[in-house]
Amino acid sequence: MNTIVEENFSHLFDREVLKEISEVGIYKKVLAGETLIEVGSFIKYMPLLISGALKVFSENEDHEQILYFIERGDTCAMTLNCCIGNTKSEIKAVAEVESEMILVPVDKMEGWLSHKSWRKFVFESYNNRLFEMLEAIDSLAFLKLDERLLKYLQDKVLVNKSEVLTTSHLEIALELNTSRVVISRLLKKLELENKIILNRGKIEVLIY
DNA sequence: TCATTAACACGGG
DNA sequence: CCCGTGTTAATGA
């Protein structure tokens, strides 16, 4: 445990915080597609990502919206929020790819705010997530669907660390809240523009 | 104008 | 056969 924390977080935290994390943290590995946090659940642990990526949504009856991805060195701002207020989760988190993380019990971390490196980490996390959400809103409000689609694919390339995405048109349509016909048409257009190459169940992204 | 829904054909696994 | 893909036609916002 000690060495895992040392190796992955020594650039973020000072010695004391690293020690605290080592004492209470739990190592966890999840497979792609696994759900970590459900809307309405109480959050007991905060994830510190070591590898992989988590996809964070807001969700209501008929609608899902991607808010941001959490990657190595990131944590979830909504989790921080819930810890402090001890409220239910407003978001859903699913592993985008196979991911490793350290789970920190939320009741332990409140006292850590007295450590400078932890405070800095929390504020920077808030900042980053806020920025990503602004981008998500911008993309929703101002980008046309074809631009959103390309951006979505490029984001996927980043978090999957592969230019070849394994996904179907239907899956993309659901994520972007549109219909499969539209995605098929726009993907075809992107292929004709030499931005992607289409194959059954696979999309190779050429520009990112 | 552009998205959605329904419908169809084709092909791969 | 089922699923993913590409396309069209009708309808609606």
Side-chain angles (χ1 to χ4, degrees), chain A residues 28-41 47 49-72 74 76-79 81 88-101 128-208:
Chain A
K28 188 174 168 86
K29 185 172 186 170
V30 296
L31 299 175
E34 227 175 292
T35 300
L36 282 138
I37 300 169
E38 292 274 9
V39 174
S41 64
L49 260 280
I50 296 171
S51 70
L54 308 183
K55 185 166 56 183
V56 178
F57 313 87
S58 69
E59 189 189 51
N60 58 36
E61 312 83 49
D62 56 339
H63 204 82
E64 251 179 18
Q65 175 59 48
I66 300 177
L67 297 178
Y68 46 75
F69 288 99
I70 304 175
E71 290 172 89
R72 179 185 159 78
D74 288 339
C76 178
M78 284 309 299
T79 311
N81 228 345
K88 288 179 183 172
S89 173
E90 301 287 333
I91 53 97
K92 182 168 124 185
V94 177
E96 171 73 12
V97 293
E98 183 179 289
S99 307
E100 296 172 284
M101 69 202 73
N128 291 336
R129 294 300 83 75
L130 201 59
F131 179 74
E132 282 182 51
M133 281 178 62
L134 278 179
E135 267 202 334
I137 292 172
D138 258 18
S139 150
L140 256 183
F142 302 123
L143 292 186
K144 290 195 182 142
L145 194 51
D146 54 347
E147 297 171 298
R148 271 178 69 201
L149 174 60
L150 186 57
K151 194 160 146 44
Y152 169 84
L153 295 173
Q154 290 166 342
D155 275 357
K156 280 276 219 203
V157 167
L158 283 185
V159 297
N160 284 281
K161 301 193 193 310
S162 162
E163 306 81 52
V164 181
L165 306 172
T166 304
T167 179
S168 72
H169 298 184
L170 179 61
E171 220 178 305
I172 299 172
L174 295 176
E175 293 249 285
L176 296 182
N177 292 304
T178 180
S179 65
R180 209 257 316 153
V181 187
V182 174
I183 296 301
S184 289
R185 178 166 50 78
L186 293 178
L187 284 173
K188 200 75 212 157
K189 200 179 98 189
L190 289 175
E191 188 179 39
L192 292 175
E193 291 167 357
N194 293 318
K195 291 174 178 165
I196 61 175
I197 295 172
L198 294 175
N199 277 113
R200 190 187 175 80
K202 304 245 184 257
I203 299 171
E204 185 176 349
V205 181
L206 300 177
I207 56 160
Y208 47 90

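Numbered from 1 within each chain, the chains take letters A, B, ... in sequence-line order.
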For residues 184-197 of chain A, please give each side-chain donor-acceptor pair under 3.5 Å, one per line with the distance, not counting sequence neighbours.
unit_1	atom_1	unit_2	atom_2	d
Ser184(A)	OG	His169(A)	ND1	2.9
Ser184(A)	OG	Arg180(A)	O	3.3
Ser184(A)	OG	Arg180(A)	NH1	2.9
Lys188(A)	NZ	Glu191(A)	OE1	2.8
Lys189(A)	NZ	Asp146(A)	OD2	3.0
Glu191(A)	OE2	Leu198(A)	N	3.0
Glu193(A)	OE1	Lys195(A)	NZ	3.1

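- Every salt bridge (Lys or Arg N to Asp or Glu O under 4.0 Å) that Arg129(A) has, sequence neighbours left out, goes to Asp74(A), Glu132(A).
- Every residue two or more places apart in sequence or in another chain that forms a side-chain hydrogen bond (donor to acceptor under 3.5 Å, both in side chains) with Glu175(A) is listed here: Lys55(A), Tyr152(A).
- In this structure, Glu171(A) has no salt bridge (Lys or Arg N to Asp or Glu O under 4.0 Å) partners at least two apart in sequence or on a different chain.
- Judged as a side-chain contact (heavy atoms from CB on, under 4.5 Å), and not counting sequence neighbours, the contacts of Ser41(A) are Ile37(A), Glu38(A), Ser89(A).
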Heavy-atom contacts, protein to nucleotides 2-13 of chain B, under 4.0 Å, summarised as B (base), S (sugar-phosphate only) or - (none) per nt, yield -SBBB----BB-
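- Shown here are the salt bridge (Lys or Arg N to Asp or Glu O under 4.0 Å) partners of Lys161(A), two or more places apart in sequence or in another chain: there are none.
- For DNA chain C, the outermost nucleotides in 5' to 3' order that have an atom under 4.0 Å from a heavy atom of chain A are dC3(C) to dT8(C).
- Taking Ser139(A) as the reference, Leu143(A), Arg148(A), Lys151(A) meet the side-chain contact (heavy atoms from CB on, under 4.5 Å) condition, with sequence neighbours excluded.
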